[in-house]
Amino acid sequence: MTDNKCSETIWEENHLKQTITLAEEQLTLLKLTSEAKKTDIMETKKESFENASHGYTSLFSSDDFEDLIELSQYHTDITEKLSDYEEDQAKIRLLERLIPSPYFARIDFTFEEDEETEQIYIGRTSLKRKDSQNMVVYDWRSPIASVFYRFMTGPAFYDAPYGRINGNVRLKRQYEIRNKHLEFYFDTDVQIVDQILRRMLSQNTSSKMKAIVETIQKEQDMIIRDMGNDLLMVQGVAGSGKTSIALHRAAYLMFQGLKTKLLANNILILSPNSIFEQYISNVLPELGEEQVTCAIFDDVLKELVPSDKIQTRYQFLEQLVTHTHFQHIIQYSLEWKTSEHFLALLDRLLSEQQPQNKPDVLDMYRSIFTKDTSYYIPFFGSISADNLQEIVQYTRENLESDLLYYDDAIAVAYLYLKLYEPNLYGNIRQVVIDEAQDYYPLQFKLFSLLFPQAKFTVLGDISQTISKHEELTFYNQIESILGRKKASLITLNKSFRCTNEILTFSLAFSDQNQEIESFNRAGDKPKIFAAESHSSLLDEICAEIHLCQTKGYQSIGLLCKTEKNSLALFQSLQSRIPLALIQNESSTDLKGTLLLPIYLSKGLEFDAVILCDADNLNYYDADDKSLLHVGCTRALHRLSILCQGTISPFIKMEN
C-alpha cells in the first residue's frame with residue numbers, strides 16, 4: 001500500500017469513527033429524552049384516570065361539565081405526547097440501523113457556480129449535526145444522492161426542489177462497512193461497479209428479498225424517482241429487478257411524502273399471492289420505512305363480492321394449467337368475461353336497471369346467462385358462437401354450485417362497485433401493481449374504480465403470462481382503461497438474476513421478440529435428465545439436492561407444473577429428505593428445500609431450481625412453454641431439468 005493510500009485509509013477510518021460516535025451520542029440522548037417522555041405519559045395517564053373516576057360518576061350532572069372538558073383536554077394531551085414519543089422511537093430505530101454501517105458511498109461534488117467541493121456521504125438514512133444542521137450522511141433518496149446512481153466522474157447534475165444544480169463529480173467511492181468496521185473501499189468506474197455487482201449477484205439468495213440501495217442502476221433509479229407520471233408502466237424481463245424497483249419506489253415516495261403529505265397508509269402494493277407478499281415484507285423496514293398496505297386480488301374480491309365461498313386465484317390457476325377436457329372452456333370463459341366486450345355487456349345490464357333499484361348483484365349477474373343467444377351478439381368479441389355456447393352452459397352449471405368461480409367473481413365485483421360505489425380505498429393515493437401481465441381488462445377497470453384518486457406504478461413482463469398471450473400493446477390497453485393524465489412506459493431489457501447459461505437456455509421458451517441483455521455472469525450449463533422409472537427420478541432429485549447443498553446453496557426450489565404434481569412428489573420425497581411444501585396460504589421463509597407449483601414461484605428466486613416434471617405429457621402446448629420460461633428464470637446459479645419418461649418437445653437434450 002502506498003503512503004498516499006495508507007494515509008487516505010487512515011483518514012476514512014477516522015471519519016467512520018467520528019460518524020459512528022456522532023450517531024451513538026444522538027442515540028444515547030434520544031433514548032434518555034424518550035424515557036423521560038414515557039414517564040411523563042404514564043404520569044399524565046394516571047392523573048387522567050384519577051380525574052376520570054370523578055368525572056364519570058357525575059357524568060350527567062350539569063355542574064361538572066367543566067370536568068368533562070378537562071378530561072377531553074387530558075386525552076388530547078396524552079395523544080400529542082404519544083405521537084411525540086412514537087416519533088422518537090422511530091428515530092431511535094433509524095439510528096440503531098445506521099450505526100453498524102452508516103454509509104455505503106461517497107461522491108465529491110464540485111458545484112458549478114462557486115467551485116466549492118463537498119464530500120457527500122450516502123447511506124440508507126440521513127444523519128446531521130444537531131448544532132449546525134449540517135448533513136453528515138445523506139439519505140439515498142435525497143436529490144443529490146441521484147448523482148451517485150446516474151453519473152461517473154465528470155460533469156453531472158441533480159434536480160433540487162428549487163431547480164437543477166450542475167457541477168462535476170471529482171470522486172466516486174464505495175465502501176464495505178460491517179459492524180462499525182471499514183472492511184474496504186474503492187474508487188469506482190463502470191468496470192469496477194460491474195465487478196462489484198457481479199460479486200454480489202454471485203452470492204446466495206436470502207429467505208427474504210433485500211434492499212438494493214448500494215447497487216441501484218441508472219435506469220432503475222430513474223423509475224424509482226419518477227414524480228411526473230400519474231401512470232408509470234415498467235415492462236421488465238425476468239430478473240431485471242422490477243419488484244425491488246417497486247419497493248424502493250414506495251420508499252422514495254414516502255421520503256418525498258414529507259412535501260407531498262404521502263404516508264405509508266396512502267400506498268397499496270398489489271401482490272400476486274401471499275407467498276410473494278411474505279417474501280417482500282422486509283424491504284421497506286430494512287430501508288427504515290413503515291410497511292405499506294399489501295393486498296392480493298383475492299382480498300379485493302372478498303371486499304366486493306357478497307358471497308362466503310369464492311374460488312381463490314390459486315384454485316383457479318390450478319384449474320387453468322391442468323390439462324383436462326374443460327381447460328380450454330375455462331380459459332375461454334376467463335378471456336371473455338374479463339374482456340372489454342363483456343364489460344360492455346355488464347354496462348348494458350346496468351343501464352337496464354331502474355335508478356332507484358339496488359338489486360342483489362348475484363341475482364343480477366345470473367340473469368345474464370338466462371338470456372336468449374341474440375342478447376350476446378353485440379358482445380362476442382373474439383369468442384366464436386360455439387365457444388360462447390360452451391361458456392354459457394359452463395357458467396350456468398357453476399352458478400348453481402355453492403362456490404362462486406373466480407371469473408364470475410370478477411364480474412360480480414364490477415357490478416357491485418358500479419351499483420353501490422363503496423369508498424373502500426379512499427385514502428390510497430399510490431398503487432403498485434406487480435405481475436401486471438396476469439391481469440385482464442375488467443380487473444384494471446376495477447382498479448380504476450377502486451382507486452379513483454391514485455397514481456399507479458404497473459410492473460410486468462409479457463413473456464411471463466400464465467395461460468394467455470400478450471404483446472406490448474397490452475400496456476396501451478392499461479393506459480386507456482386507467483385513463484390517467486400523464487403516462488409513460490419504460491422497458492428494462494437487462495437481466496441480473498440468472499447466469500448467462502441459464503438465461504440463454506430460458507430464452508428458448510419465450511416467444512416474445514425481445515432483446516434481452518445478460519449481465520454476463522458465468523455459471524454451469526443447465527442439467528437435463530430423463531429417468532426411466534419413478535424411483536430413478538427420485539434418486540436423481542435427491543442427488544441434485546445433495547449437490548446443491550454441498551455448493552452451499554441456501555434455497556433450492558423444486559418446481560412442478562401443478563399443485564397435484566407437487567403433492568404427489570412431496571409424498572414420495574418427504575421420508576427421504578427434509579423439505580417444505582409451499583401452498584397458497586403457506587407461511588415459510590424461502591430457505592432450505594422448497595416444493596411448489598411454478599405459478600406460485602412468480603417473482604421469487606432460488607439459488608438452485610430443479611424442475612421435476614418436465615415431460616411431454618405436462619409440457620406440450622404454448623401455455624406450457626410459457627410456464628417453462630417462468631420456472632427456469634427463477635434460478636440464480638444452477639438449473640436442473642428432470643422428468644420421468646420422454647422429455648418435453650420444447651427441451652433439447654444437449655448436455
Side-chain angles (χ1 to χ4, degrees), residues 195-212 215 238-239 241 243-244 275-276 278-283 495-506 518-529 531 537-560 566 569-570 572-582 586-598 600-614 628-643 655:
Q195 287 175 356
I196 295 302
L197 180 54
R198 192 171 290 114
R199 179 178 65 83
M200 293 184 70
L201 291 170
S202 67
Q203 295 172 358
N204 292 332
T205 188
S206 61
S207 60
K208 300 277 189 182
M209 180 178 282
K210 288 189 170 184
I212 59 166
T215 58
T243 302
S244 288
I275 305 299
F276 182 82
Q278 295 169 43
Y279 178 56
I280 66 174
S281 62
N282 276 10
V283 175
S495 177
F496 297 94
R497 179 186 297 138
C498 306
T499 61
N500 290 343
E501 292 77 7
I502 293 173
L503 183 62
T504 301
F505 180 82
S506 303
S518 169
F519 188 64
N520 198 26
R521 183 168 62 88
D524 297 333
K525 284 181 63 177
K527 176 180 180 177
I528 304 171
F529 177 79
L537 173 63
L538 297 180
D539 289 342
E540 189 64 29
I541 292 172
C542 291
E544 267 299 304
I545 292 170
H546 179 69
L547 176 63
C548 292
Q549 290 170 337
T550 60
K551 288 178 175 287
Y553 295 152
Q554 299 298 307
S555 64
I556 305 166
L558 307 185
L559 304 185
C560 295
S566 299
L569 185 60
F570 182 73
S572 299
L573 287 176
Q574 63 177 331
S575 61
R576 299 182 60 168
I577 54 170
L579 79 165
L581 177 67
I582 295 185
S586 298
S587 178
T588 182
D589 285 339
L590 298 181
K591 193 172 183 180
T593 303
L594 308 159
L595 176 57
L596 65 159
I598 289 176
L600 266 190
S601 72
K602 296 188 74 173
L604 308 179
E605 58 184 33
F606 303 91
D607 291 325
V609 165
I610 304 172
L611 192 56
C612 301
D613 59 353
L628 286 172
H629 177 71
V630 172
C632 292
T633 53
R634 300 309 95 201
L636 275 81
H637 312 305
R638 183 172 177 83
L639 173 64
S640 304
I641 310 293
L642 311 179
C643 76
N655 227 13

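Small disclaimer: the values here were computed from a predicted structure and weren't measured.
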Between Ile582 and Leu600, the two heavy atoms sitting closest are O-CD1, 4.0 Å
Is a donor on one side and an acceptor on the other found under 3.5 Å between the side chain of Glu605 and the backbone of Gly603?
no
Answer yes or no: is there a donor N or O on one side and an acceptor on the other, between the side chain of Arg638 and the main chain of Asp524, under 3.5 Å?
no
Main chain of Ala238, side chain of Ser495: is a donor-acceptor contact present, judged purely on distance under 3.5 Å?
yes
For a quick test of reading the model, state the closest non-hydrogen atom pair linking Phe606 to Ser601 and the distance between them.
CE1-CB, 4.5 Å
Arg634 side chain to Ile598 backbone, donor-acceptor under 3.5 Å:
no
Might you work through the side-chain contact (heavy atoms from CB on, under 4.5 Å) test for Thr243 and Phe276, ending with a clear yes or no?
CA-CA 10 Å; Thr243 302; Phe276 182 82; 3.3 Å; yes
From Gln574 CD over to Leu581 CG, what is the distance, rounded to the nearest 0.5 angstrom?
9.0 Å
Minimal heavy-atom distance between Ser244 and Ile212, with the atoms involved, is CB-CD1, 3.6 Å
Minimum-distance pair of heavy atoms, taken over all atoms of Gln554 and Gly552
NE2-O, 3.1 Å
Taking every heavy atom of Leu604 against every heavy atom of Ile275, the minimum-distance pair comes out as CD1-CG2, 4.0 Å
Taking it one step at a time, do Leu639 and Glu501 satisfy side-chain contact (heavy atoms from CB on, under 4.5 Å)?
CA-CA 9 Å; Leu639 173 64; Glu501 292 77 7; over 6 Å; no
Does Asp607 use its side chain to pair, donor to acceptor, with the backbone of Ile556 at less than 3.5 Å?
no
Do the side chain of His629 and the main chain of Ser506 share a donor and acceptor less than 3.5 angstrom apart?
yes
What is the minimum heavy-atom distance between Ile641 and Ala614, and which atoms define it?
CG2-CB, 3.5 Å
Distance col, row Leu547:CG vs Glu540:CD, nearest 0.5 angstrom, shows 10.0 Å
Roughly how far apart are Leu642 CG and Leu559 CG, rounded to 0.5 Å?
11.0 Å
Take Ile528 and Phe505, measure what side-chain contact (heavy atoms from CB on, under 4.5 Å) needs, and give me the verdict at the end.
CA-CA 11 Å; Ile528 304 171; Phe505 180 82; 3.9 Å; yes
With Cys612, which residues qualify under side chain to side chain contact (heavy atoms under 4.5 Å, CB included), at least two apart?
Ile541, Leu558, Cys560, Leu569, Ile610
Could you state the interatomic distance from CG (Leu579) to SG (Cys542), rounded to the nearest 0.5 Å?
9.0 Å
